[in-house]
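Below is one structure; the comments refer to it alone.
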Amino acid sequence: MLLRMSTLFLRTLREDPVDAELPSHKLLVRAGYVRRVGPGLYSWLPLGMLAVRNVERVVREEMLAIGAQEVQFPALVPREVFERSRRWQDYGDALFRLRDRRDADYLLAPTHEELFTLLVKGEYTSYRDLPVSLFQIQTKYRDEARPRAGVLRGREFVMKDSYSFDVDDAGLERSYRAHRDAYERIFRRLGFDYRIVSAVSGAMGGSASEELIAPTPSGEDTFVQCENCDYAANAEAVVIAPPQARGGVVDGGGMGGGTGGAGSGGLPGPQQVLDTPDTPTIATLVERLNTMDLGRSFAAADTLKNLVVKTRAPGAGEWELLVIGVPGDRDVDMKRVAGQLEPTEVAPAGPEDLASQPGLVKGYIGPQRLAELGIRFVVDPLVTEGSAWVTGANEPDRHALDVVRGRDFVPDGELGAVEVRDGDRCARCGGMLQISRGIELGHVFQLGRKYAEVFDLRVTGPDGRPVTVTMGSYGVGITRAVAALAEQTHDELGLRWPREISPADVHLVATGKGEEPYTAGEQLAGELLGAGLRVLYDDRRGTSPGVKFGDSELLGVPLIVTVGRGLAKGVVEVRDRWSDERVEVPLAGAAGEIARLSAAQR
RNA sequence: CGGGGAGUGGCGCAGCGGUAGCGCACCUGCUUUGGGAGCAGGAGGUCGGGGGUUCGAAUCCCCCUUCCCCGACCA
């Protein structure tokens, strides 16, 4: 492949686009890889297209290598298909819906579980046909509430999605493993720094759902890693170790700071109700407590905050109230809560929900009488058995002190609800958890029988009886990978591609007076081509050297070869865009040497 | 959905009552050729849309609309 800059459809920009915030976004636009068309919509220009095709190629090769077979579904799907899986309703506003001339409803698919399931159902009927894995590389649509970060989170994007079909759990496990391994090979080949994090809560070390994340400060996914062991999880799926008993019980201390509770050993005295006027928030409460001359000081961590939410089980018509108790210095992570309660829906309780239950006094809710009110109550595991708290007294302007779990209230259960913090403890080994940000590159997921049941995908088993198929679902963001890689690998000069994704192996720059650089460049370009390299050749006349060098840095091809000044000595200069190392190579035989250097790059 | 901001040549911006300008990019000529060249000449805009005020509106007023950023949201 030989691309000539003189004819390449490319215009680089000297200035950053105003709407871009992230380096990857700025650079992909400046380097002429993409152009914005509308909110969350981008055109891919020739260089960008080459990068996208390269990601596709790597993904396709690795999918085929595990025996997955490629198919292609329409992006435009009739409503009925998504009605059956309920996603026409459940997917919400993020689903692009449209109507044809006959007023029939259609959608632009965000993923294709339904069609994959239906396809297999239509063709296969026996357990002997399984397992099978199918994939497609296709444009997906999501009407994001707020597209951002350029191509990283658009409303239209290219994604590889695949699905595995097995007769039993052991088979699913194997298919899952194969995909997970393939994903590791894909991201390694593409040159990513990536982490695999658990995306499922509860099941410690469970592998039912994992995300492959590219760590980068600007990423919009939050995940935690243990400093000590290899535990890593999405922030919404994290499991935090409960502290040693805190507050009054075992022996004072514990974690969570403050000197609250009973201090030294033994249960605190019976709970007492205090007048605490105008203290509807944790901050105001703590301030008030510390001026009350109670013989101890209090911190937010000594208070028990009770948040009211409402839940609705699938199919149930009515919302039910649920109170969640967490230490007062902690925020509740609603996504984490929702993840654990799924498929039951969760929503914050509004004023009208509270009004329906007069026993709940806003700002002064305590768990002491929730049971008698018939309201369900769960606590975060940080609220350990035997711990003592300051909490609401269920009366306006009053709080209760030394309220002990197990003595003064008994929750209906525990629910990890708290937002993770740096320094929280790993539930596996007790090590410190560290929070990082990253971009989700891929997701492997044991879907199970959800769609197989909805679409009645069954095959005849060995005993002649029908068996419901179990599925895995696996995705890789193709266009997102290009941007994520740019985000991870760029430097102050511009893009910097690993070889597998780069639009070319070598960026050949001809510069200098007269014809010599161009005749030599032309010949070298041909030789490089002959050596099997993909060449981007800057053959522009009348473009000053500074512009050419600047472009070569911006475009990000990993090896830059300059034909110019060195010709007097019979050499060309070869520069590694990654290390910035420069070597002079004799023009005679340069192609072979350059091919060798290129092959040595990552 | 909440908060902030912006719509003026391809891109980035200035102008804020007197009929549109700058930088980059582009075109022509000459010079220049190892770090975003110089000189000279040139092309390109119904100033987001509609209505109003005014002798006169990019500029003031009203309505509409689109877009961007932060947050909420995001299988």
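Chain identifiers are assigned alphabetically (A, B, ...) following the order of the sequence lines, protein sequences preceding nucleic acid strands; residue numbering begins at 1 within each chain. Since the structure is predicted, the reported quantities are computational estimates derived from the model, not experimental observations.
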Would you find more than 12 non-hydrogen atoms of other residues, nucleotides or ligands less than 6.0 Å from A:Arg97 atom CZ?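 Yes - once you tally the heavy atoms of other residues, nucleotides and ligands closer than 6.0 Å, there are more than 12.
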
Please check if the number of heavy atoms outside A:Gln72 that lie under 6.0 Å from its CD is greater than 12.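 For A:Gln72, atom CD is crowded (more than 12 foreign heavy atoms under 6.0 Å).
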
Any strand: nucleotide that pairs with [N] via Watson-Crick or wobble, under 3.5 Å:
N	value
B:C30	B:G38
B:G10	B:C24
B:G18	B:C55
B:G71	B:C1

Suppose you measure atom [atom1] in [N] against the same atom in [M]; what distance do you get, rounded to whole Å?
N	M	atom1	result
B:G49	B:A57	C1'	15 Å
B:C47	B:U19	P	15 Å
B:U28	B:G35	C1'	27 Å
B:A40	B:C55	P	45 Å
B:A25	B:G48	C1'	24 Å
B:U8	B:G2	P	26 Å
B:A58	B:U53	C1'	16 Å
B:C61	B:A6	P	14 Å

Can you figure out which of B:A25, B:A37, B:C68 approaches the side chain of A:Arg36 most closely? B:C68

Side chain of A:Pro545 only, please: which of B:C68, B:A75, B:G34 is the nearest?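 Closest nucleotide to the A:Pro545 side chain: B:G34.
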
On a heavy-atom basis, which atom in A:Pro74 and which in A:Gln138 lie closest, and how many Å separate them? C-NE2, 3.3 Å

Rounding to an integer number of Å, can you tell me how far [X] [atom1] sits from [N] [atom2]?
X	N	atom1	atom2	result
A:Arg582	B:G34	CZ	P	16 Å
A:Glu440	B:C73	CD	P	16 Å
A:Leu152	B:C69	CG	P	12 Å
A:Glu492	B:G36	CD	P	17 Å
A:Arg14	B:C22	CZ	C1'	15 Å
A:Asp143	B:A75	CG	P	14 Å
A:Met159	B:C74	CE	P	17 Å
A:Leu22	B:C69	CG	C1'	12 Å

Output yes when A:Asp221 and A:Arg195 qualify as a salt bridge under the 4.0 Å nitrogen-oxygen rule, no when they do not.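 Looking at A:Asp221 and A:Arg195, the cut-off is not met.
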
Using heavy atoms to find the nearest nucleotide of RNA chain B for A:Thr12 and A:Gly514 separately, return the residue whose nucleotide is more 5′.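 Of the two residues, A:Gly514 wins.
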
If you find the nucleotide of RNA chain B closest to A:Glu113 and the one closest to A:Gly40, which residue's nucleotide is nearer the 5' end?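 With A:Glu113 and A:Gly40 compared, the 5'-side residue is A:Gly40.
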
Tell me if the side-chain of A:Arg87 makes a donor-acceptor pair with the base of B:A75, cut-off 3.5 Å, by modelled atom types.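 Answer no: no donor N or O sits under 3.5 Å from an acceptor.
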
Record whether the side chain of A:Arg146 comes under 3.5 Å of the base of B:C69 through a donor-acceptor pair of N or O atoms.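 No such pair is found, so the answer is no.
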
How far does [atom1] of [X] sit from [atom2] of [Y], to the nearest 0.5 angstrom?
X	Y	atom1	atom2	result
A:Glu453	A:Met471	CD	CE	11.5 Å
A:Ser133	A:His179	OG	NE2	4.5 Å
A:Phe223	A:Ile435	CZ	CD1	10.5 Å
A:Leu508	A:Ile594	CG	CD1	7.5 Å

Flag this pair as yes if the NZ/CZ of A:Arg480 is under 6.0 angstrom from the six-membered ring centre of A:Phe157 and inside a 45 degree cone about the axis; otherwise no.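 No.
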
For RNA chain B, find the residues of residues 69-82 of chain A with a heavy-atom distance under 4.0 Å and give them by number; none if there aren't any.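 Of all residues in residues 69-82 of chain A, none places a heavy atom under 4.0 Å from RNA chain B.
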
Members of residues 552-580 of chain A that approach RNA chain B, where some heavy atom sits under 4.0 Å away: A:Glu553, A:Thr562, A:Gly564, A:Arg565, A:Gly566, A:Glu573, A:Arg575

Between A:Glu114 and A:Arg84, is a salt bridge (Lys or Arg N to Asp or Glu O under 4.0 Å) present by the stated rule, with each step listed? CA-CA 9 Å; A:Glu114 290 85 353; A:Arg84 186 126 170 224; over 6 Å; no

N/O-N/O pairs, protein side and nucleotides 11-16 of chain B side, under 3.5 Å:
unit_1 : atom_1 : unit_2  : atom_2 : d
B:G12  : O2'    : A:Glu15 : OE2    : 3.4

Yes or no on salt bridge (Lys or Arg N to Asp or Glu O under 4.0 Å) for A:Lys450 and A:Glu113, after CA distance, side-chain angles and deciding distance? CA-CA 10 Å; A:Lys450 178 178 169 190; A:Glu113 282 83 352; over 6 Å; no

A:Tyr451 vs A:Phe455 aromatic rings, parallel, tilted or perpendicular, using cut-offs 30° and 60°?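 Parallel: the ring planes of A:Tyr451 and A:Phe455 meet at under 30°.
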
So what does A:Arg541 touch, heavy atoms closer than 4.0 Å: a base, only the sugar-phosphate, or nothing? nothing

Could you walk me through whether A:Glu184 and A:Arg180 pass the salt bridge (Lys or Arg N to Asp or Glu O under 4.0 Å) check? CA-CA 6 Å; A:Glu184 290 217 63; A:Arg180 189 185 194 271; 3.7 Å; yes

Test salt bridge (Lys or Arg N to Asp or Glu O under 4.0 Å) on A:Arg496 and A:Asp576; report intermediate values, then the result. CA-CA 10 Å; A:Arg496 218 161 35 154; A:Asp576 186 313; over 6 Å; no

